[in-house]
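First up is the structure itself, then whatever we jot down about it.
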Amino acid sequence: EVQPVESGGGSVQPGGSLRLSCAASGYTYCYYDMSWYRQSPGKEREFVSGFDPDGSERYAESVKGRFTISQGGGKNTLYLQMNSLKPEDTAMYYCKTRVYGDRGCPGYSSWGQGTQVTVSS
């Protein structure tokens, strides 16, 4: 199975920047994609950014213009560059891998353990 592992979280001041990384461990010949979610205390887990099946980038309205996703270190690594951070961005950030249930492959999703991002002065 493909298991994502997040890194790069930390504590920053408002207006600062942070770069998160998601690395997928393991190997599979099945197609899969990767995306970012976040969850703050008392709120539901929400989508942050990811790639559509056609390769186009998607962003939550609250992070458009500030966050950027990119691929590096091979297709098994996904970055999330976060600029102009706000206190509202404080949350546990999770990476999700979604394996497509085609080509005879069993479809499933896996979540990382998360990396904490705290934005405060």
Side-chain angles (χ1 to χ4, degrees):
E1 295 188 3
V2 180
Q3 178 66 46
V5 179
E6 307 94 337
S7 63
S11 181
V12 298
Q13 296 181 339
S17 299
L18 208 59
R19 191 190 194 194
L20 305 183
S21 298
C22 176
S25 62
Y27 173 82
T28 180
Y29 59 83
C30 306
Y31 291 137
Y32 69 95
D33 60 19
M34 304 168 69
S35 57
W36 287 99
Y37 287 74
R38 68 184 182 186
Q39 185 172 22
S40 57
K43 296 184 178 181
E44 296 288 334
R45 188 171 299 184
E46 64 175 349
F47 173 82
V48 176
S49 184
F51 289 104
D52 286 333
D54 64 359
S56 60
E57 302 171 15
R58 288 187 62 225
Y59 298 93
E61 288 294 328
S62 60
V63 306
K64 284 185 177 179
R66 300 187 298 118
F67 290 10
T68 305
I69 55 170
S70 61
Q71 182 178 282
K75 296 183 178 181
N76 66 329
T77 304
L78 183 69
Y79 297 116
L80 181 65
Q81 179 66 47
M82 305 184 294
N83 298 324
S84 302
L85 284 164
K86 305 175 181 179
E88 306 92 275
D89 296 317
T90 296
M92 183 73 74
Y93 284 72
Y94 298 92
C95 181
K96 183 183 77 173
T97 58
R98 180 180 63 176
V99 177
Y100 298 126
D102 60 2
R103 294 160 46 89
C105 299
Y108 66 92
S109 295
S110 297
W111 294 89
Q113 292 184 288
T115 183
Q116 179 67 41
V117 172
T118 302
V119 185
S120 65
S121 58

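Worth knowing before you read on, the calculation uses all heavy atoms, side chains too, and leaves out hydrogens, waters and symmetry mates.
- Arg19 contributes atom CZ, which lies 10.0 Å from atom OG of Ser7 (distance to the nearest 0.5 angstrom).
- Separation of atoms CH2 (Trp36) and OH (Tyr94) is listed at 12.0 Å; rounding is to 0.5 Å.
- Stacking of Arg98 on the aromatic ring of Tyr108 is not recorded, the 6.0 Å distance cut-off and the 45° axial limit not both being met.
- In this structure, the side chain of Ser49 does not engage the main chain of Ile69 through any donor-acceptor pair within 3.5 Å.
- By the 4.5 Å heavy-atom criterion applied to side chains, Arg38 and Thr115 are not counted as neighbours.
- When all heavy atoms of Arg66 and Leu85 are compared, the closest pair comes out as NH1-CA, 3.9 Å.
- Nearest heavy atoms, Pro14 versus Ser121: CD-N, 3.8 Å.
- Side-chain rings of Tyr37 and Trp111 approach one another, their centers coming within less than 6.0 Å.
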Item checked: Intermediate values then yes/no, side-chain hydrogen bond (donor to acceptor under 3.5 Å, both in side chains), Gln81 and Tyr79 -> CA-CA 6 Å; Gln81 179 66 47; Tyr79 297 116; over 6 Å; no
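- Between Asn83 and Phe67 there is no side-chain heavy-atom pair separated by less than 4.5 Å.
- For the atom pair OG1 (Thr118) and CD (Gln13), the distance works out to 13.0 Å, reported to the nearest 0.5 Å.
- Between Leu18 and Gly10 the shortest heavy-atom distance is CD2-N, 3.7 Å.
- With respect to Asp33 and Lys96, no salt bridge is recorded, no charged nitrogen being found less than 4.0 Å from a carboxylate O.
- Between Val119 and Thr90, the shortest heavy-atom distance links the atoms N-OG1, 2.9 Å.
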Notebook entry, point to check: Between Leu20 and Val117, does a side-chain contact (heavy atoms from CB on, under 4.5 Å) hold up when you go through it step by step?
Noted result: CA-CA 9 Å; Leu20 305 183; Val117 172; 4.1 Å; yes
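- Atom CD of Gln71 sits in a crowded spot, with more than 12 heavy atoms from other residues, nucleotides or ligands closer than 6.0 Å.
- Within the 3.5 Å criterion, the main-chain N or O of Gly114 finds a donor-acceptor partner in the side chain of Glu6.
- In this structure, Phe47 places its CZ atom where more than 12 heavy-atom neighbours from other residues, nucleotides or ligands lie under 6.0 Å away.
- Arg103 places none of its side-chain heavy atoms less than 4.5 Å from the side chain of Cys30.
- Smallest separation of non-hydrogen atoms from Ser40 and Ala91: N-CB, 4.0 Å.
- Under the 4.5 Å side-chain heavy-atom criterion for Ile, Leu, Val, Met, Phe, Trp and Tyr, Phe51 and Tyr93 are members of the same hydrophobic cluster.
- Within the 3.5 Å criterion, the main-chain N or O of Glu46 finds no donor-acceptor partner in the side chain of Gln39.
- A heavy-atom distance below 4.5 Å is not found between the side chains of Ser120 and Pro87.
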